[in-house]
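Read through the structure below, which is laid out as structure tokens, and then see the notes.
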Amino acid sequence: MICILLVAGHGAVLETEIKNDSSGLYSHLEGVPKALLPGIGGKKILDFWWEAVKMRQLFSEVYLVTNADKYKHYERWATANDFPVENIINDGTTMYETRLGAVSDLELVIRSKKLHDDVMVIAADMLCADQNFDVAQVIKFFTLMKGELAIYYEMEEGEKTSSRGIVEVCANTHRITKFYEKPCPGITESRMASVVFYCLQKETLSTLDEFLKLHENVEDRALGKYLEWVINDVKIPVYGMKLPTGFQLIGQVSKAVFYQPVHSFCPSKKKKKKKRKKENSFVTLFRIGIMGNPSDGFCGKTIAMTISNFWAEVTICESKSLVLVPHPLNDPTEFGSLQDLYCISRKEGYQGGLRLLQATCKKFYQFCSQNGIALAQRNFTLKYDTNIPRQVGLAGSSAIVSATVKCLMKFYTLTDDDLPKPIRARLVLNVETDELFITAGLQDRVVQNRNYTRMDIRCAPPFWIAYLGDPSDSGKIHSDVRHRWLNGDPEVLEAMKRFAELADQAKTALESRNWTELANLMNENFDLRRSIYTDACLGPGNLKMVELARQQYGSAVKLPGSGGAVVGLCLDPEKLVDLKAAFQEAGCVFCHVVPY
Ligand SMILES: *[C@@H]1O[C@H](CO)[C@@H](O)[C@H](O)[C@H]1NC(C)=O
Ligand SMILES: *[C@@H]1O[C@H](CO)[C@@H](O)[C@H](O)[C@H]1NC(C)=O
Ligand SMILES: *[C@@H]1O[C@H](CO)[C@@H](O)[C@H](O)[C@H]1NC(C)=O
């Protein structure tokens, strides 16, 4: 049997509560997904489930499905808790609006991991009060009944039946005779609530596909809806197992009972009653390169687009001393074990975001000193957060640097006249190139010192992006293109000229909404890049993604950044569905681009 833990939901109420909390007591928990919040006694909800399922070899494998927004949190949790990282599936969504629905998430694991076994499915962000819950007993009952199994419990007084899936169960056979997903009052007398905790036989899993075909709307893709359909419409026998006394699901719990604030993180006690200090945050929208030069250091042309899927946010507030706050995931200072430290360091090196904040502050001060801008004697605290996947060439660092500059300008009340946009763009670039020796492309920030035109984002067709789940096979070999360009190599100069023409033609194609033309140009853009950068530099991972999209599904495709991710345009909606599935099965993360 296989166990699947679902934690792919977006926008949990608790997470929003924490973000909006003004006491400052919970600020260290901002951005942490519900399943990883410290629960009763400081234990995370997911720790509880992991302990319950990993014991006594009940399962041949345990998988975890999450979304692209919280993926990093779970990856860290996994390395610290001896959970196999390759068993975490990233569904590619970063927003509530683009969520897949739990049934699709379940189907994603089963398909992409090619599972052919009975499965136990658990929503691993629900809290269970019984700390000694025995999963083995559930499996025993499932084996005995030889049918699907759903766990239910008796609702407490005051809990509304309209908030859950309500089941009617035959007392003799234990078969669930009726399932009502969030029923209106009066529809059923039953107060037995089903929770997302099921055992499904491998033969039944094929109905997931059928269900998804019948239910296109994401609202209808909740697991409760699936169970309702299986029981009421398909009439597959589903048995109910009642949770033993003492096992309750805590529904609407407020953050105060849910976890204890960590006092060592708290600001001084006096501040508790006061409002949170005035904060300013700046979000840098993320840009992807749609057409043109691979990077803009070549005096060429490029078209880039702001998207909502990924972002970086930097926050500044006045404080007693000057503090740069390390990001709990990107600048780890605490580890699960020495082995955990080893795994994280091997995978990600020592390059968190803190150095970006520090280098930006340094450059900012230097700029102001040299340009006669006096800065007030004030200290500040800077912190950042981002969901931009790392190491897939998507310039997450420029996004953080830009947002930091905006924070500093606001904090020291600098205007656009003090630090004009073109100079600001140069400053951002210099932080990376001079201070941190990151060879950054320019296309991912608004390069105002060049000649640039805004285009109507409504011209954008439905692009998709995909990136490597394991970025280690994206190209690592340095190309000599810049060197050749500086030396006036005619092939490179010619290519750069052609990139610029492609950008011009793409502009026309976008404006006239000629997607066929745009698709052709994107392919040509990639071919040109391939010809001057060589396959060795592009790396097998990038080439594999391009090949998959273009050869097998006829989608236009190119690299949106420096490698590790691809952006594509597929004009046939049916092929797009298959393309998405193929990428997921190849271990990539697939996202539909949401233009900003
Ligand atoms: C800034 O912080 C330092 C300690 O880190 C302190 O000595 C200094 O007085 C602070 N400056 C202001 C203006 O508060
Ligand atoms: C900007 O582009 C326009 C039209 O392509 C051109 O006429 C103008 O000289 C350019 N300006 C700069 C500063 O390059
Ligand atoms: C769109 O582009 C294609 C390919 O370049 C071309 O054949 C076609 O005529 C264009 N369509 C329109 C409406 O301009």
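Order of appearance sets the numbers: ligands from 1, and atoms from 1 within every ligand. We number each residue from 1, following the sequence as shown.
A cation-pi contact, defined as under 6.0 Å to the ring centre and within 45° of the axis, links R529 to Y533.
Between T415 and D418, the side chains place a donor N or O and an acceptor N or O closer than 3.5 Å (distance only, hydrogens not considered). Residues S319 and T381 have side chains that bring a donor and an acceptor to within less than 3.5 angstrom of each other.
A donor-acceptor pair under 3.5 Å is formed between the side chain of N387 and the backbone N or O of W311. Between the side chain of N309 and the backbone N or O of T94, no donor-acceptor pair lies under 3.5 Å. Using a distance-only test at 3.5 Å, with no hydrogens or angles considered, no donor-acceptor pair links the side chain of N379 to the main chain of E318.
Counting the atoms of ligand 1 from 1 in the order shown, those under 4.0 Å from a heavy atom of K320 are 1 (C), 2 (O), 10 (C), 14 (O). Heavy-atom proximity to Q377, at under 4.0 Å, picks out these atoms of ligand 1: 13 (C). Counting the atoms of ligand 1 from 1 in the order shown, those under 4.0 Å from a heavy atom of S321 are 2 (O), 4 (C), 5 (O).
Proximity of atom 5 (O) of ligand 1 to the protein is indicated by at least one non-hydrogen atom lying closer than 4.0 angstrom. Counting protein heavy atoms under 4.0 angstrom from atom 2 (O) of ligand 3 gives one or more. Distance check on atom 9 (O) of ligand 3: every protein heavy atom falls at or beyond the 4.0 Å cut-off.
D456 pairs by the side-chain hydrogen bond (donor to acceptor under 3.5 Å, both in side chains) definition with R458, not counting sequence neighbours.
Contact annotation for N514 and ligand 3: only side-chain heavy atoms (C-beta onward) come within less than 4.0 Å of the ligand.
Taking any N or O of N379, backbone or side chain, at least one lies under 3.5 Å from an N or O belonging to ligand 1. Considering backbone and side-chain atoms together, E517 places an N or O closer than 3.5 Å to an N or O of ligand 3.
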